Each structure stands twice: as structure tokens, then as C-alpha cells.
Amino acid sequence: MAEGCLFCKIASGELESSIVYEDDLCVAFHDINPQAPTHVLVIPRKHIPGMGELEESDRDLLGHLMLIASEIAWMEGIDEAGFRTVINWGHDGGMEVPHLHLHVLGGRTMSWPPG
Ligand code: 5GP
Ligand code: ZN
């Protein structure tokens with residue numbers, strides 16, 4: 001757990017969130033400011049700051065996060081219509097919370113390119 005990290009606090013239960021799924025490796029919860037009818041964040045319990053700080057040893061964990069994202073789409077009922085997964089990183093990527101997280105967005109038609 002990283003000192004002062006918002007998502008570490010959510011993962012540990014110190015901060016309340018609307019959790020939709022959790023296991024020993026990750027936690028998924030509703031985004032506080034949803035950008036689509038379904039907007040869930042999937043985070044590893046391990047504090048990884050972001051895509052720019054990945055290590056070889058994170059390989060299996062990342063695969064797990066992707067599988068869980070797909071399972072959450074099924075749980076939320078957006079798997080058939082389709083959905084979008086997003087990972088922001090750094091200033092230009094628009095990352096705001098520096099703890100790796102995967103957005104799962106659905107329930108409306110998405111546009112491209114993203115803003
Ligand atoms: P980023 O821009 O870093 O990829 O996305 C961070 C996301 O975290 C944003 O969509 C924002 O709404 C969400 N968020 C920020 N603070 C909280 C919080 O305290 N609780 C929850 N559930 N989501 C949060
Ligand atoms: Zn953290």
C-alpha cells in the first residue's frame with residue numbers, strides 16, 4: 001500500500017466504494033463520476049503507479065485484470081452490445097489517479113477518436 005494513494009485506500013476498504021467484484025489480486029468498483037451508464041474501474045491490490053511503471057513480474061496480474069474486466073462486462077450486462085476498456089497514463093493520457101486502473105465503459109455507443 002502506497003502512502004496517501006486513493007485507490008490503495010479503496011482496495012484496503014479504508015475508503016468506501018461501490019464494489020462490484022473483488023478477489024485476492026484485484027478490486028472492481030463503480031466510478032464516482034461515471035462517463036457512461038456502466039463505468040467500472042478495475043484495480044490491482046498491488047500499488048502499480050501506471051502503465052509506465054510496469055514490471056515483467058506484473059505479466060500474470062495484467063492478464064488477470066483483463067479477464068476480470070471481461071467478466072465484469074458480462075456481470076453488468078454490457079457484453080453482448082459491446083463495451084470499451086481504457087487505461088490512461090501520464091499527462092497526455094489524462095491519468096488523474098496514479099494507481100493503475102482499467103476503465104470498463106458501456107451502456108451507450110462510444111465515439112472514436114476519444115477526446
Ligand atoms: P483516470 O483519469 O486516472 O484514468 O481515472 C480516474 C477515475 O477515478 C476517474 O474516472 C474518476 O471519476 C475516478 N475516481 C476518482 N476518485 C474516486 C473515488 O474516490 N471513488 C471512485 N469510485 N472513483 C473515483
Ligand atoms: Zn495505490
Side-chain angles (χ1 to χ4, degrees):
M1 177 157 173
E3 190 77 24
C5 172
L6 180 69
F7 285 178
C8 279
K9 286 181 184 167
I10 285 180
S12 71
E14 189 183 328
L15 266 184
E16 224 178 281
S17 66
S18 168
I19 291 177
V20 296
Y21 174 89
E22 60 183 322
D23 62 28
D24 54 341
L25 294 176
C26 71
V27 181
F29 51 94
H30 289 290
D31 196 292
I32 204 166
N33 182 22
Q35 300 302 310
T38 297
H39 188 171
V40 174
L41 302 174
V42 186
I43 67 169
R45 288 190 185 276
K46 176 188 174 189
H47 179 81
I48 300 172
M51 288 295 289
E53 292 87 4
L54 294 177
E55 294 170 358
E56 182 61 33
S57 58
D58 296 321
R59 184 179 291 268
D60 287 352
L61 177 57
L62 292 168
H64 183 72
L65 296 179
M66 292 301 284
L67 286 170
I68 293 304
S70 146
E71 201 164 305
I72 282 161
W74 172 77
M75 285 165 57
E76 296 284 322
I78 55 172
D79 58 317
E80 283 190 16
F83 57 94
R84 181 169 290 179
T85 52
V86 174
I87 299 177
N88 298 320
W89 185 70
H91 177 268
D92 281 1
M95 187 181 214
E96 285 173 5
V97 180
H99 177 129
L100 184 74
H101 51 280
L102 202 154
H103 298 256
V104 181
L105 298 139
R108 67 170 170 84
T109 304
M110 305 286 158
S111 60
W112 193 265

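Whatever order the structure lists them in is the order used to number ligands and atoms, beginning at 1. A quick note: this is a predicted structure, and the numbers were derived from the prediction, not measured.
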| note | So CG of Leu6 and CD1 of Ile43: to nearest 0.5 Å the spacing works out to 8.5 Å
| note | Applied to residues 23-42, the side chain to side chain donor-acceptor pair (under 3.5 Å) test, sequence neighbours excluded, yields Tyr21-Asp23, Asp23-His64, Asp31-His39, His39-His103
| message | Quick check on the hydrophobic clustering: are Ile68 and Ile48 connected, directly or via other members, by side-chain heavy-atom contacts under 4.5 Å? | response | yes
| query | So with a 6.0 Å cut-off around CE of Met1, is the heavy-atom count from everything else above 12? | reply | yes
| query | Sorted by chain and residue number, which protein N/O/S atoms are under 2.8 Å from the Zn ion (ligand 2)? | reply | Cys5 SG, Cys8 SG, His47 ND1, His99 ND1
| request: Look at the side chain of His99 and the backbone N and O of Arg45, then say whether any donor-acceptor pair between them is shorter than 3.5 Å. | output: no
| Above 12 or not: heavy atoms from other molecules or residues under 6.0 Å from CE of Met110? | yes
| note | Exactly one of Leu65, Leu100, Leu62, Val42 clears side-chain contact (heavy atoms from CB on, under 4.5 Å) with Ile87, and that residue is Leu100
Report all side-chain donor-acceptor pairs from residues 8-16 shorter than 3.5 Å, counting only partners two or more places apart or in another chain.
from	atom 1	to	atom 2	distance (Å)
Ser12	OG	Cys8	O	3.3
Ser12	OG	Lys9	O	3.1
Ser12	OG	Glu14	N	3.3

Which pairs of N or O atoms, one from ligand 1 and one from the protein, are separated by less than 3.5 Å, and what is the distance for each pair?
from	atom 1	to	atom 2	distance (Å)
ligand 1	2 (O)	Gly94	O	2.9
ligand 1	2 (O)	Glu96	N	3.3
ligand 1	3 (O)	Glu96	N	2.6
ligand 1	3 (O)	Val97	N	2.9
ligand 1	3 (O)	His101	NE2	3.0
ligand 1	4 (O)	Asn88	ND2	2.9
ligand 1	4 (O)	His101	NE2	2.7
ligand 1	4 (O)	His103	NE2	2.8
ligand 1	5 (O)	His101	NE2	3.1
ligand 1	5 (O)	His103	NE2	3.4
ligand 1	10 (O)	Asp31	OD1	3.2
ligand 1	10 (O)	Asp31	OD2	2.5
ligand 1	12 (O)	Asp31	OD1	2.5
ligand 1	22 (N)	His30	O	2.9
ligand 1	22 (N)	Ile32	N	3.4
ligand 1	23 (N)	Ile32	N	3.2

| query | Got a second to check how far Cys26's SG is from Leu41's CG, nearest 0.5 Å? | reply | 12.0 Å
